[in-house]
J.: 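Let me begin by handing over the structure; questions about it come next.
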2 protein chains.
Amino acid sequence: MKYSASKENYLKEIFHLQSQQNMVTTNALAAALHTKAASVTDMLKKLKTQKLLLYEKYKGFKLNNEGKKAAVQIIRKHRLWEFFLVEKLQFGWDEVHEMAEELEHISSKKLIDRLDSFLDFPKTDPHGDPIPDCNGKFSERRQLALREVPINKIVQVSAITEQTSAMLELLQHKNIRIGTKLEVKKKFPFDNSLELKIKNHLIITISEQVAEKILVHDD
Amino acid sequence: MKYSASKENYLKEIFHLQSQQNMVTTNALAAALHTKAASVTDMLKKLKTQKLLLYEKYKGFKLNNEGKKAAVQIIRKHRLWEFFLVEKLQFGWDEVHEMAEELEHISSKKLIDRLDSFLDFPKTDPHGDPIPDCNGKFSERRQLALREVPINKIVQVSAITEQTSAMLELLQHKNIRIGTKLEVKKKFPFDNSLELKIKNHLIITISEQVAEKILVHDD
DNA sequence: GTTTAAATTTAGACAAATCTAAAAAATATT
DNA sequence: AATATTTTTTAGATTTGTCTAAATTTAAAC
Ligand SMILES: [Mn+2]
Ligand SMILES: [Mn+2]
Ligand SMILES: [Mn+2]
Ligand SMILES: [Mn+2]
């Protein structure tokens with residue numbers, strides 16, 4: 001039930017990789033973890049012995065149910081801590097990842113559930129990624145790009161697909177971040193720019209390039 | 001500048017031990033860390049090589065300035081996290097130590113300084129132990145036992161010297177904890193019991209046995 | 001002052017996690 | 001199908017932190 005920080009990093013990364021391609025390869029995992037293929041093979045044997053993944057030599061591998069369950073708990077911790085750092089400690093979303101990379105290994109389940117409650121059960125982290133609940137369930141709300149949103153519908157920002165500091169600067173200036181409630185008031189077909197009402201009062205304008213990087217969901 | 005979790009635990013424990021007796025012994029440290037004397041000797045060599053302590057074979061050891069500075073930063077983290085857990089996440093002071101034992105090893109200095117600010121720069125942890133500031137300085141306020149406090153002087157609870165769950169239960173019932181402001185309104189010489197005014201309104205009575213375990217400082 | 005006991009250190013071993021270099025297996029290319 | 005290339009695994013070494021058992025030093029008792 002408790003794994004080393006290193007094992008947890010492996011579990012988490014395998015989980016992410018296998019959500020894209022069904023079977024994960026040694027080299028892909030080594031690259032993702034900034035380690036060497038030989039180290040990955042070593043760890044795979046240990047994880048297999050602990051019955052956390054399915055693995056046959058030379059044939060790739062993937063987490064079994066037990067492994068997935070463990071991975072989701074680590075992802076939950078990572079994202080809740082990120083939310084805490086941004087929401088309560090005023091960090092920028094571009095500076096929290098490394099700290100969360102350490103905090104996610106704090107073992108107490110009770111601690112993380114209390115933190116969840118303290119933060120008022122956020123549904124997405126500062127990067128818009130979903131935070132699983134204490135049972136490991138991801139709430140899925142369909143996201144759509146802001147440019148697809150009908151006029152006058154109130155939506156909430158759930159993710160930004162391009163997380164550069166240039167984008168961050170622009171969004172901070174315009175007061176847009178994850179969780180912001182907004183409404184598309186006007187679309188200009190000339191350049192596909194949008195006029196938005198933010199938090200029920202502020203009116204701002206954003207370009208097509210920005211609008212296609214902002215994902216939202218129903219309020 | 002960055003040490004392993006294990007080294008940090010050693011530094012912290014040596015710091016605590018040498019504040020009581022000038023020179024620390026191998027066995028004392030082994031006992032405090034729940035490890036073996038041989039392991040301590042091994043680690044001492046490494047800490048000496050890293051110039052964190054003064055050590056001569058068979059003659060005991062103690063931290064040098066560098067070692068003390070490092071130890072204080074870890075103690076700062078430990079106590080700030082404890083404060084966070086009690087104040088924000090509603091844990092009891094009797095359940096936070098183990099979690100803080102892990103959290104104290106989160107490396108970011110910026111994180112801990114932001115946490116300090118978020119918590120409004122607390123001066124003592126939930127057990128009444130002083131929290132050093134970001135430069136490692138302990139604010140020293142002279143503490144005295146509640147039974148020594150003159151009548152009608154407003155003081156603040158700074159520590160409880162007996163931290164049993166029986167004591168915790170009693171104090172929680174009477175609404176007393178670290179930071180509580182109170183005033184001694186009456187002393188009964190018959191049994192040395194005290195009548196206190198808490199937070200400027202509540203009047204309660206406590207026994208001699210309780211009063212001698214409560215340390216306070218000037219408001 | 002010897003002898004005995006306690007404290008400390010060393011020697012040697014082990015587990016976890018990593019690496020480099022070499023071998024083996026699976027793919028791709030001609 | 002034979003050869004070349006890429007991917008993966010193994011072999012062997014290293015680092016960190018730990019342990020037990022034995023040796024050494026210091027301190028205590030007689
Ligand atoms: Mn991590
Ligand atoms: Mn994130
Ligand atoms: Mn610790
Ligand atoms: Mn404490």
Side-chain angles (χ1 to χ4, degrees), chain A residues 1-14 17-18 20-63 67 70-71 74 101-102 104-107, chain B residues 1-14 17-18 20-63 67 70-71 74 101-102 104-107:
Chain A
M1 270 283 143
K2 239 192 89 180
Y3 312 104
S4 70
S6 186
K7 281 208 179 93
E8 292 190 340
N9 287 335
Y10 272 85
L11 290 172
K12 188 164 56 100
E13 205 52 53
I14 297 170
L17 289 174
Q18 80 183 26
Q20 297 169 325
Q21 330 139 213
N22 193 42
M23 228 37 171
V24 187
T25 66
T26 302
N27 272 349
L29 184 51
L33 290 170
H34 306 107
T35 184
K36 300 297 154 72
S39 309
V40 169
T41 304
D42 287 345
M43 185 61 91
L44 288 176
K45 286 186 210 155
K46 294 173 196 160
L47 293 175
K48 188 185 181 182
T49 305
Q50 274 171 83
K51 296 201 170 62
L52 292 165
L53 50 70
L54 310 169
Y55 167 49
E56 278 197 274
K57 266 194 205 173
Y58 295 104
K59 292 198 161 183
F61 47 92
K62 61 176 168 183
L63 298 178
I74 303 154
E101 203 55 50
E102 290 182 47
E104 70 191 357
H105 306 294
I106 301 297
S107 60
Chain B
M1 271 281 143
K2 240 191 90 181
Y3 313 105
S4 70
S6 186
K7 283 211 179 89
E8 292 190 340
N9 287 334
Y10 273 85
L11 290 172
K12 186 163 58 100
E13 205 53 54
I14 297 171
L17 289 174
Q18 79 183 26
Q20 297 170 326
Q21 331 139 211
N22 192 42
M23 227 39 174
V24 186
T25 66
T26 303
N27 272 349
L29 184 51
L33 290 170
H34 306 108
T35 183
K36 299 300 154 69
S39 308
V40 169
T41 304
D42 287 344
M43 185 61 91
L44 288 177
K45 286 186 211 156
K46 292 172 198 161
L47 293 175
K48 188 185 180 181
T49 304
Q50 274 170 84
K51 297 202 170 61
L52 292 166
L53 50 70
L54 309 170
Y55 167 48
E56 277 196 274
K57 265 194 204 174
Y58 294 105
K59 291 198 162 183
F61 47 92
K62 62 176 168 183
L63 298 178
I74 303 154
E101 203 56 50
E102 290 183 46
E104 70 190 359
H105 305 295
I106 301 296
S107 60

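Everything numeric in this text was worked out from a predicted model, so none of it was measured.
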J.: Looking only at side-chain N and O atoms, does A:Lys59 come under 4.0 Å of OP1 or OP2 in D:dT7?
T.: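 So the side-chain polar atoms of A:Lys59 never come under 4.0 Å of the phosphate oxygens OP1 or OP2 of D:dT7.
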
J.: Under the side-chain contact (heavy atoms from CB on, under 4.5 Å) rule, what do B:Asn9 and B:Glu104 come out as? Steps first, then yes or no, please.
T.: CA-CA 9 Å; B:Asn9 287 334; B:Glu104 70 190 359; 3.1 Å; yes

J.: Between P on C:dA7 and CD on B:Gln21, what's the gap in Å once rounded to a whole number?
T.: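 Atom-to-atom, B:Gln21 to C:dA7, this comes out as 13 Å.
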
J.: With respect to the phosphate group of D:dC19, does any side-chain polar atom (N or O) of B:Ser39 fall under 4.0 Å of OP1 or OP2?
T.: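 Yes, B:Ser39 has a side-chain N/O under 4.0 Å of OP1/OP2 on D:dC19.
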
J.: Please determine whether a side-chain nitrogen or oxygen atom of A:Lys36 lies at a distance below 4.0 Å from atom OP1 or OP2 of C:dT20.
T.: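 Yes.
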
J.: With nearest nucleotide decided by heavy atoms, which residue, A:His34 or B:Leu44, maps closer to the 5′ end of DNA chain C?
T.: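 Its nucleotide being nearer the 5' end, the pick is B:Leu44.
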
J.: Given atom CG of B:Asn9 and atom P of D:dT16, what is their separation to the nearest angstrom?
T.: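 Whole-Å distance recorded here is 17 Å.
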
J.: Mapping B:Gly60 and A:Thr35 to their closest nucleotides on DNA chain C, which lands nearer the 5' end?
T.: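 On the 5' side of the pair lies B:Gly60.
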
J.: Can you measure from CG (A:Leu44) to OG1 (A:Thr49) and round to the nearest 0.5 angstrom?
T.: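 It comes to 10.5 Å.
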
J.: To the nearest 0.5 angstrom, please state how far the OG1 atom of A:Thr26 sits from the NZ atom of A:Lys57.
T.: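 With rounding to 0.5 Å, OG1 (A:Thr26) is 12.0 Å from NZ (A:Lys57).
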
J.: Look at A:Thr25 and D:dT7 and indicate whether a side-chain polar atom (N or O) is within less than 4.0 Å of OP1 or OP2.
T.: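 For D:dT7, OP1/OP2 do not have a side-chain N/O of A:Thr25 under 4.0 Å.
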
J.: When you measure from the side chain of A:Glu13 to the backbone of A:Ala32, do you find a donor-acceptor pair of N or O atoms at a distance under 3.5 Å?
T.: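 Between the backbone of A:Ala32 and the side chain of A:Glu13 there is no qualifying donor-acceptor contact (under 3.5 Å).
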
J.: Give the B/S/- string for nucleotides 12-17 of chain C, one per nucleotide from 5' to 3', where a protein heavy atom under 4.0 Å of the base yields B, of only the sugar-phosphate yields S, and otherwise -.
T.: -----B

J.: For the atom pair CD (B:Gln21) and NZ (B:Lys62), what is the distance rounded to the nearest 0.5 Å?
T.: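 Answer rounded to 0.5 Å: 12.5 Å.
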
J.: Calculate the interatomic distance between B:Gln50 atom CD and D:dT15 atom P; express it in whole Å.
T.: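 Going from CD in B:Gln50 over to P in D:dT15 covers 14 Å.
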
J.: Answer yes or no: does a side-chain N or O of A:Lys45 lie under 4.0 Å from OP1 or OP2 of D:dT10?
T.: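 Yes, because at least one side-chain N or O of A:Lys45 sits under 4.0 Å from OP1 or OP2 of D:dT10.
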
J.: Classify the nucleic acid contact of A:Tyr55 as base, sugar-phosphate or nothing, counting any heavy atom under 4.0 Å across all strands shown.
T.: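 Sugar-phosphate, backbone atoms only, no base.
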
J.: Just call it for A:Thr26: base, sugar-phosphate, or nothing, with non-hydrogen atoms closer than 4.0 Å on any strand.
T.: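 Since only primed, P, OP1 and OP2 atoms lie under 4.0 Å of A:Thr26, the category is sugar-phosphate.
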
J.: Between D:dT8 atom P and A:Glu56 atom CD, what is the distance in whole Å?
T.: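 In whole Å, D:dT8 P and A:Glu56 CD are 15 Å from each other.
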
J.: Does B:Ile74 reach the side chain of B:Tyr3, with side-chain heavy atoms less than 4.5 Å apart?
T.: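 SC-SC contact between B:Ile74 and B:Tyr3 ruled out.
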
J.: Within this structure, what is the OH-to-C1' distance between A:Tyr58 and C:dA25, rounded to whole angstrom?
T.: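 Distance check: A:Tyr58 OH to C:dA25 C1' gives 5 Å.
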
J.: Find the distance B:His105:NE2 to D:dG17:P and express it as a whole number of Å.
T.: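 Value for this atom pair: 12 Å.
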
J.: Please state how far atom CZ in B:Phe61 lies from atom P in D:dT26, giving the value in whole angstrom units.
T.: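 Spelled out: CZ on B:Phe61 to P on D:dT26 is 16 Å.
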
J.: Any heavy-atom pair between the side chains of A:Leu63 and A:Val24 that's under 4.5 Å?
T.: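 SC-SC contact between A:Val24 and A:Leu63 ruled out.
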
J.: Using whole Å, what does the distance between atom P of nucleotide D:dT6 and atom CG of A:Asn27 come to?
T.: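 So the two atoms are 12 Å apart, to the nearest Å.
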
